[in-house]
Amino acid sequence: MTQHHPADRIVVLTGAGISRESGLETFRDADGLWSRHNIADVCTPEGFRRDPMLVDRFYNGRRAELAGVQPNAAHLALAELERAAHDGRWNGELLIVTQNIDDLHERAGSHNVLHMHGELRRVRCTSCGATPEWLGDCLPDTPCPACHRPTLRPDVVWFGEVPLHMDRIETALAGCDRFVTIGTSGTVYPAAGFVAQVRDHAETVDINLDPPQVPTLFDRTLIGPATRMVPQWVIELLGA
């Protein structure tokens, strides 16, 4: 018996550019978070060991910021594409791999989302490994809800740590028909290498605010704000 495969298996990689249009501060912009915080202090395991209070306060601030932002038209368009597959309006399958630690994809209605750099609205216990959802503040003496030890840390992948879900991501990349990046700088590995992995078997599209600075490996580049370009791309896909 032949297995039924969706005709169009798409992996979408999203980066900071898609969240910026919701008003979230990004790390790499000229006036972004890195201009006011030292990466080594707040985004490394060593920084956390040195000053857990500083790191916890930094992420408490990021978490609080999420309450004031909403998913934008780009997030909503991707959720609509997933819904179209679910409703039988599109013979495809969508996996969102995001480098973002916000929950805007989920709040827009997407379910098939992998956070390769972790999630702001979770914490991780270094004693028992629990990763409970976490909406408020977390401090060095906050007990883990599972084992009650005060050994919680942000569930975020720091510099020098291995991204999450890589096995599932690699499998999806190997089997995809299209690979689309949205609002990502293409400078952070391993994600920056994904396009080279899929070139021989998938159509590749880059949706970005700015034209590429260097020759690109992508088949198509769509230049403009994600809030305009992603809905256009989804309409084109559903219309086809």
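Heavy-atom basis, side chains included; hydrogens, waters and symmetry copies ignored.
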Taking all non-hydrogen atoms of both residues, which atom of [X] and which atom of [Y] are closest, and how far apart?
{"X": "Cys147", "Y": "Cys125", "answer": "SG-SG, 3.7 Å"}
{"X": "Leu24", "Y": "Leu66", "answer": "CD1-CD2, 3.8 Å"}
{"X": "Pro154", "Y": "Asp56", "answer": "CD-OD1, 3.9 Å"}
{"X": "Ala85", "Y": "Gly92", "answer": "CB-O, 3.3 Å"}
{"X": "Ala174", "Y": "His201", "answer": "O-NE2, 3.4 Å"}
{"X": "Pro52", "Y": "Arg49", "answer": "CD-O, 3.9 Å"}

Sequence neighbours left out, what pairs pass ring pair (Phe, Tyr, Trp, His ring centres under 6.0 Å) with at least one residue falling in residues 62-94?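 Ring pair (Phe, Tyr, Trp, His ring centres under 6.0 Å) check on residues 62-94 returns His75-His105.
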Quick one: does [X]'s side chain get under 4.5 Å of [Y]'s, heavy atoms only?
{"X": "Leu237", "Y": "Leu81", "result": "yes"}
{"X": "Leu78", "Y": "Val230", "result": "yes"}
{"X": "Cys176", "Y": "Phe194", "result": "no"}
{"X": "Arg50", "Y": "Asp41", "result": "yes"}
{"X": "Cys138", "Y": "Asn60", "result": "yes"}
{"X": "Pro150", "Y": "Pro140", "result": "no"}
{"X": "Gln99", "Y": "His117", "result": "yes"}
{"X": "Val11", "Y": "Val180", "result": "no"}

Thinking salt bridges, do Arg89 and Glu80 make one under a 4.0 Å N-O criterion?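 Yes, this pair counts.
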Got a salt bridge between Arg122 and Asp155, using NZ or NE/NH1/NH2 to carboxylate O under 4.0 Å?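 No, no charged N to carboxylate O under 4.0 Å.
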Do other residues, nucleotides or ligands put more than 12 heavy atoms under 6.0 Å from the CZ atom of Arg57?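 For Arg57, atom CZ is not crowded (no more than 12 foreign heavy atoms under 6.0 Å).
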Inspect the surroundings of CZ in Arg199 and state if more than 12 heavy atoms from other residues, nucleotides or ligands are less than 6.0 Å away.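 Open.
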Hydrophobic cluster membership, with links at side-chain heavy-atom distances under 4.5 Å among I/L/V/M/F/W/Y: are Leu139 and Val123 in one?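 The answer is no; the residues belong to distinct hydrophobic clusters.
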Taking a hydrophobic cluster as the set of Ile, Leu, Val, Met, Phe, Trp and Tyr residues connected by side-chain heavy atoms closer than 4.5 Å, whether directly or through intermediates, do Val234 and Ile18 fall within one such cluster?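 Same hydrophobic cluster.
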Worked verdict on Leu209 versus Ile223 for side chain to side chain contact (heavy atoms under 4.5 Å, CB included): CA-CA 5 Å; Leu209 192 55; Ile223 304 300; over 6 Å; no
Mark yes or no for whether [X], through its side chain, and [Y], through its backbone, hold a donor-acceptor pair below 3.5 Å.
{"X": "Thr181", "Y": "Thr184", "value": "no"}
{"X": "Thr216", "Y": "Phe218", "value": "yes"}
{"X": "Arg63", "Y": "Leu120", "value": "yes"}
{"X": "Ser110", "Y": "Glu106", "value": "no"}
{"X": "Glu21", "Y": "Ala226", "value": "yes"}
{"X": "Glu82", "Y": "Asn112", "value": "yes"}
{"X": "Arg153", "Y": "Val156", "value": "yes"}
{"X": "Glu93", "Y": "Arg9", "value": "no"}
{"X": "Thr98", "Y": "His115", "value": "no"}
{"X": "Asn72", "Y": "Thr227", "value": "no"}

Would Arg178 and Glu236 count as a salt bridge (charged side-chain N to carboxylate O under 4.0 Å, His left out) if you check the C-alpha gap in whole Å, the side-chain angles of each, and the deciding distance to 0.1 Å? CA-CA 14 Å; Arg178 290 177 213 244; Glu236 176 194 314; 5.7 Å; no
Rounded to the nearest 0.5 Å, what's the gap from CD1 on Ile207 to CZ on Arg220? Could you check?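 The distance works out to 8.0 Å.
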Among Asp103, Leu104, Asp102, find the one that has a side-chain contact (heavy atoms from CB on, under 4.5 Å) with Asn100.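 With Asn100 as partner, side-chain contact (heavy atoms from CB on, under 4.5 Å) holds for just one option, Asp102.
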Using side-chain contact (heavy atoms from CB on, under 4.5 Å) as the criterion, point out the one residue from Asp219, Leu13, Val12, Val205 that pairs with Phe179.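 So, applying the side-chain contact (heavy atoms from CB on, under 4.5 Å) to Phe179 and each of Asp219, Leu13, Val12, Val205, only Leu13 qualifies.
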Does Arg62 qualify as a cation-pi partner of Phe58, given the criterion of NZ or CZ under 6.0 Å from the six-membered ring centre and within 45 degrees of its axis?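 Yes, cation above the ring, under 6.0 Å and within 45°.
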Going through the checks in order, is the side chain to side chain contact (heavy atoms under 4.5 Å, CB included) test met by Leu114 and Ile96? CA-CA 6 Å; Leu114 295 178; Ile96 296 172; over 6 Å; no
Can you list every pair that meets salt bridge (charged side-chain N to carboxylate O under 4.0 Å, His left out) and has a residue in residues 132-148, with sequence neighbours left out?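 Every pair satisfying salt bridge (charged side-chain N to carboxylate O under 4.0 Å, His left out) with a residue in residues 132-148: there are none.
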Apply side chain to side chain contact (heavy atoms under 4.5 Å, CB included) to Leu54 and Val42, showing your working. CA-CA 7 Å; Leu54 175 75; Val42 294; 4.2 Å; yes
Test side chain to side chain contact (heavy atoms under 4.5 Å, CB included) on Leu95 and Ile10; report intermediate values, then the result. CA-CA 6 Å; Leu95 172 68; Ile10 300 180; over 6 Å; no
Ring-plane angle category for Phe48 and Trp158, please: parallel below 30°, perpendicular beyond 60°, tilted otherwise.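 Correct class here is tilted.
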